[in-house]
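First comes the structure, then the notes that go with it.
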Amino acid sequence: MGSLTHVEAEKRQLTREIRQLACLGVWLVDSGNGGVVLQNTAKSSLIAEVKERQYEDPELVKLRERVPQQKKLLLVLKGDGVLRYRGRLCVLDIAGLRDMIMSEAHNSWYSIHPGSTKIYHDIKDVYWWNDMKKNIAEYVAQCPSYQ
């Protein structure tokens, strides 16, 4: 943290708190009409991991090779080289990535022990894999219930 000697004494604590927010990814932005807007940028590191590791799954490699021969455009290779099914990231079954995705959705700070349907709806817009809904139901059934 830089020096706060140039900041008025009564504003130093506020300056420290704003820096702490910035470290958490929260930014204060001038709204243009005299107000301030909070922006919070949170990204799952799992998305980046899925994108990086798609080449490790033999099934996804086979699907990737078949993309140009498709009659219906269900699978697409975007400019970033990432395989998507109807716009959703294809998730491989390597190194427990699917379990990590389900765990992140299930144990989120913003949910209270959600069931399999809620978890499915939360992640279906971003991720895709075969039998996804069934896998989520099995995952939730194995989790201990909250008392």
Side-chain angles (χ1 to χ4, degrees), residues 1-4 7 13-147:
M1 186 154 114
S3 172
L4 296 176
V7 179
Q13 182 59 34
L14 178 62
T15 304
R16 285 186 189 100
E17 291 170 358
I18 291 172
R19 285 185 179 177
Q20 287 175 338
L21 286 172
C23 290
L24 295 172
V26 177
W27 296 90
L28 303 176
V29 179
D30 184 3
S31 67
N33 61 359
V36 175
V37 177
L38 285 176
Q39 286 185 337
N40 185 6
T41 57
K43 293 182 182 177
S44 171
S45 61
L46 292 173
I47 292 173
E49 190 168 349
V50 167
K51 288 179 177 182
E52 290 172 12
R53 302 188 75 182
Q54 275 194 348
Y55 290 97
E56 296 177 28
D57 188 327
E59 277 301 311
L60 289 184
V61 171
K62 287 179 192 174
L63 288 173
R64 181 182 299 278
E65 292 168 357
R66 286 190 240 149
V67 167
Q69 292 95 25
Q70 294 180 94
K71 292 183 180 166
K72 275 187 172 181
L73 280 179
L74 298 176
L75 291 168
V76 178
L77 279 172
K78 293 286 185 172
D80 58 1
V82 176
L83 186 65
R84 290 175 171 34
Y85 174 79
R86 294 186 175 176
R88 299 160 26 196
L89 287 172
C90 295
V91 180
L92 54 151
D93 196 16
I94 288 183
L97 273 176
R98 292 178 182 174
D99 286 339
M100 289 189 289
I101 290 167
M102 291 184 286
S103 175
E104 183 178 90
H106 187 260
N107 299 321
S108 166
W109 285 70
Y110 303 110
S111 61
I112 302 171
H113 193 63
S116 61
T117 303
K118 169 81 168 86
I119 293 172
Y120 174 73
H121 286 289
D122 286 349
I123 66 175
K124 74 176 182 155
D125 293 333
V126 179
Y127 303 106
W128 174 86
W129 63 83
N130 282 330
D131 295 327
M132 186 168 147
K133 196 168 191 174
K134 179 182 169 189
N135 293 154
I136 293 170
E138 291 169 355
Y139 175 85
V140 171
Q142 294 173 1
C143 292
S145 313
Y146 290 96
Q147 304 283 327

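For Ala105 against Ile119, the heavy-atom pair with the smallest separation is CB-CG2, 3.8 Å. Residue Asp125 comes nearest to His121 through the heavy atom pair OD2-O, 4.3 Å, listed as atom of the first residue, atom of the second, then distance. Nearest heavy-atom pair across Arg98 and Asn130 is NH1-O, 4.5 Å. Nearest approach of Met132 to Arg88, heavy atoms of both residues: SD-NH2, 4.3 Å. The heavy-atom pair separating Arg84 from Leu89 by the smallest distance is NH1-CD2, 3.4 Å. Closest approach of Ser116 to Ile136, counting heavy atoms only: O-CG2, 3.5 Å.
Every residue two or more places apart in sequence or in another chain that forms a side chain to side chain contact (heavy atoms under 4.5 Å, CB included) with Lys133 is listed here: Tyr120. Listed by chain and residue number, Trp128 satisfy the ring pair (Phe, Tyr, Trp, His ring centres under 6.0 Å) test with Tyr85 (two or more places apart in sequence, or in another chain). Residues passing the side-chain hydrogen bond (donor to acceptor under 3.5 Å, both in side chains) test with Asp57: none are found, sequence neighbours excluded. Applying the side-chain hydrogen bond (donor to acceptor under 3.5 Å, both in side chains) criterion to Asn33, with sequence neighbours excluded, gives Ser31. Considering only residues two or more places apart in sequence or on other chains, Arg53 meets the side-chain hydrogen bond (donor to acceptor under 3.5 Å, both in side chains) condition with Glu49, Glu56.
Going from atom OG1 of Thr117 over to atom NZ of Lys124 covers 10.5 Å, rounded to the nearest 0.5 Å. Between Ile123 atom CD1 and Lys118 atom NZ the span is 11.0 Å, to the nearest 0.5 Å.
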TODO: Check the pair Val126, Ile101 against side chain to side chain contact (heavy atoms under 4.5 Å, CB included), reporting the backbone distance first and the verdict last.
DONE: CA-CA 10 Å; Val126 179; Ile101 290 167; over 6 Å; no

Open item on the list: If you apply the rule side chain to side chain contact (heavy atoms under 4.5 Å, CB included), what do you find for Ile47 with Tyr127, and how did you get there?
Closed with: CA-CA 9 Å; Ile47 292 173; Tyr127 303 106; 3.2 Å; yes

Got a list of side-chain donor-acceptor pairs under 3.5 Å for residues 61-69, not counting sequence neighbours?
from	atom 1	to	atom 2	distance (Å)
Arg64	NH1	Gly81	O	2.8
Arg64	NH2	Gln54	OE1	3.0

